[in-house]
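Only heavy atoms go into these numbers, but all of them, side chains included; no hydrogens, no water, no symmetry mates.
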Amino acid sequence: MQKKRKKSRLYEIWRQLRKNKLAVAALVVLVLLLLVAVFAPLLAPYPYDQLNAKLSFADASKEHLLGNDRLGRDILSRLIYGSRQSLSMGVVAVAIAATIGITIGAIAGFYGRWVDNLCMRLLDIYQAMPMFLLCVALAAILGPSLRNAIIALGVGTVPGYARIMRASILTVREKEYVEAARAIDASDANIILKHILPNAIGPLIVQITMGVGGCILAGSALSFIGLGVQPPLPEWGAMISDGRSYLREAPRLTIYPSICVMLSVLSCNLLGDGLRDALDPRLKN
Amino acid sequence: MLRYIGKRLLMLIPVLLGISLVVIILIDITPGDPARMMLGTQATEEQVEQLREDLGLNDPIYVRYGRFLWNTINGDFGTSLMTKRPVADEMLLRLPYTLLLVSLSLVMSVIIGIPIGIYAATHQHTWRDSGVMFLSMICVSVPSFVFALLLIRLFGVKLQWLPLSGVESWRGWILPCVAMGLGLTALIARQMRSDLLEIIRQDYITTARAKGLSEGKVIYRHSLKNAAIPVIMVIGGVFGSSLGGSLIAEQIYSIPGMGDYIMKGLSNRDYPVIQSGILVISSMFALVILLVDVIFALVDPRIRSQYVSKKRGRMSKIAKETEEIQAV
């Protein structure tokens, strides 16, 4: 019985989303990008670190569709493998941030009073530091690597999720069904997870979708300044940084990875926008 | 009003205390010994130990925290471990660059972004609106360092109109500000549009239209003032993110600002620089947010009423609630 209702709610969102062609296109692009990342070894024509001095800065050819970089590595293969690092920065960092943020926000919103006050003041401190500065400082302090960049991004972007979670919990906390759950002696954890969270999740879905884009963007910036993925592992931001010295001779080294970053972030933003409209009850026809 | 500002200034103190504590803890858990880095690999263990003792690195963390606070209150930000120059002097030289960069790009994005947002909102459901919004969505999705590189390629290398880097002349400022400002412009335009659309749907706008006001008057007299409030809030937040973004712009365009200083400090484990740098940048950010909130209170009578009359009437309660909602 419950399963059926759940399905219909998801279907309702999908039905609303389907009207927004841009959002559907964005969803398709994102799914394709994820598939590329998952099946990178099958799709890439060459290994990402295969050197070939003869092909240094070679133009696009039949063998190498997007040409080669300074060390003669195939750019297309590096872009394909790079999607793994770049997308995982977005997805994993957001997973970390959302988990911590939702927990803090749920506790603050549900218990209220001094717990709420304490959490909010801690978040104030958190947010007083510019987000990117905090991520850079964390990444530099932990030491440059993919894992540390993900941790830095994840920890650095917690407050947004916590605040949204708290706000939406405040709106549903006093609802009758919560009182009903309390009346039948459900535990706090049970009430939060089973009754409040599903009803408060709407705004969070939007924030998470856009957050993935934001983290891909910030992650590429971290790699760009050398605090993210380390060579020879490819990552889009790091590839842009590599191409930077050859901007005059071979601008494509910069442009191709930039397009990849833009495409993935743009898709996240468009999908987030579409979801916001789809979840907004006021816009229901 | 003064009471409000005073209260907000007082609330700043715990926030700044918290930030400095966080920074001290972060530096404490950092692997790598600053003393060892200063002396190089040839130094003996005794020399390193001596330096650690001199720098006070062997003291427990609460002693170091207390000392840092005491020195900072007295205006002493310490000396850089690498350059041996007082951090305060160096920051005084560097801060104007960062502030100029951030405020120029912010001014640019406000001047361009707000009219674009109004234009899009007043042309809703036309191709103009969707075109402008799609373009702005692209601008939001491109990393600012990509803009920076593309601008260098176009105006610096190809057309040779503007210098590639350095800010010796005013022409050097154009590219970094545009590179940083493009994304912000798009962000502000989007916010302006969605706020204006929200306001246009309100009853009092329908009333204004019904009594026969011209469309221009409806938009500029009745809607814009109300729509401006969330935009001002966003500008405050954007200021913070561009303070962070200046880290990268300063690197690309070799601007000797705070971002450059903090990055150097981070790579050298120059902890007095890191501590004070982050604290100063965060205080700037906090002050701007405070300024925004004060403007916010001045513009919005619903909030102003809270602090004008001491009686907590119904209006002020509503104002407090709206403030809380908007703070979220």
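To the nearest 0.5 Å, atom CD of residue A:Q127 and atom CZ of residue B:F285 are 8.0 Å apart. Atom CG of B:L149 and atom CZ of A:F224 lie 4.5 Å apart (nearest 0.5 Å). We find the CD1-CG distance between A:I125 and B:L17 to be 8.5 Å, quoted to the nearest 0.5 Å. Atom CE of A:M262 sits about 11.5 Å away from atom CE of B:M137, to the nearest 0.5 Å. The CG atom of B:L279 sits 9.5 Å away from the CE atom of A:M129 when rounded to the nearest 0.5 Å. Rounded to the nearest 0.5 angstrom, B:L266 CG and A:L138 CG are separated by 10.0 Å.
Annotation for B:S282 and A:P130: closest pair OG-CD, 4.3 Å, computed over non-hydrogen atoms. When all heavy atoms of A:D273 and B:R190 are compared, the closest pair comes out as OD2-NH2, 2.7 Å. For B:S141 against A:L266, the heavy-atom pair with the smallest separation is OG-CA, 3.2 Å. Residues A:R244 and B:Q251 share a closest heavy-atom pair of NH2-O, 4.0 Å.
The closest side-chain heavy-atom distance from A:F132 to B:L243 is not below 4.5 Å. The shortest side-chain heavy-atom distance between B:I281 and A:L133 falls under the 4.5 Å cut-off. In this structure, A:N269 and B:V140 have side chains that are in contact, with non-hydrogen atoms separated by less than 4.5 Å. Side-chain contact between B:F145 and A:S220 is present, with heavy atoms from C-beta onward closer than 4.5 Å.
Atom CZ of A:F110 has more than 12 neighbouring heavy atoms from other residues, nucleotides or ligands inside a 6.0 Å radius. Atom CZ of A:R121 sits in a crowded spot, with more than 12 heavy atoms from other residues, nucleotides or ligands closer than 6.0 Å.
No other option in A:I216, A:L170, A:D124, A:I225 has as many heavy-atom pairs under 4.5 Å with chain B as A:I225. For chain B, the option among A:S258, A:A140, A:A128, A:P257 with the highest count of heavy-atom pairs below 4.5 Å is A:A128.
Looking at A:I259, neither its backbone nor its side chain comes within 4.5 Å of chain B, counting heavy atoms on both sides. No part of B:F239 comes within reach of chain A, as not one of its non-hydrogen atoms sits under 4.5 angstrom from that chain. Residue B:L150 touches chain A through its side chain alone, counting heavy-atom pairs closer than 4.5 Å. Looking at A:A218, there are no atoms closer than 4.5 Å to chain B (heavy atoms on both sides), in backbone or side chain. In this structure, the portion of A:T254 lying under 4.5 Å from any heavy atom of chain B is its side chain and not its backbone. Of the two parts of B:M11, neither the backbone nor the side chain holds a non-hydrogen atom closer than 4.5 Å to a non-hydrogen atom of chain A. Of the atoms belonging to A:I255, it is side-chain heavy atoms, and not backbone ones, that fall under 4.5 Å from chain B.
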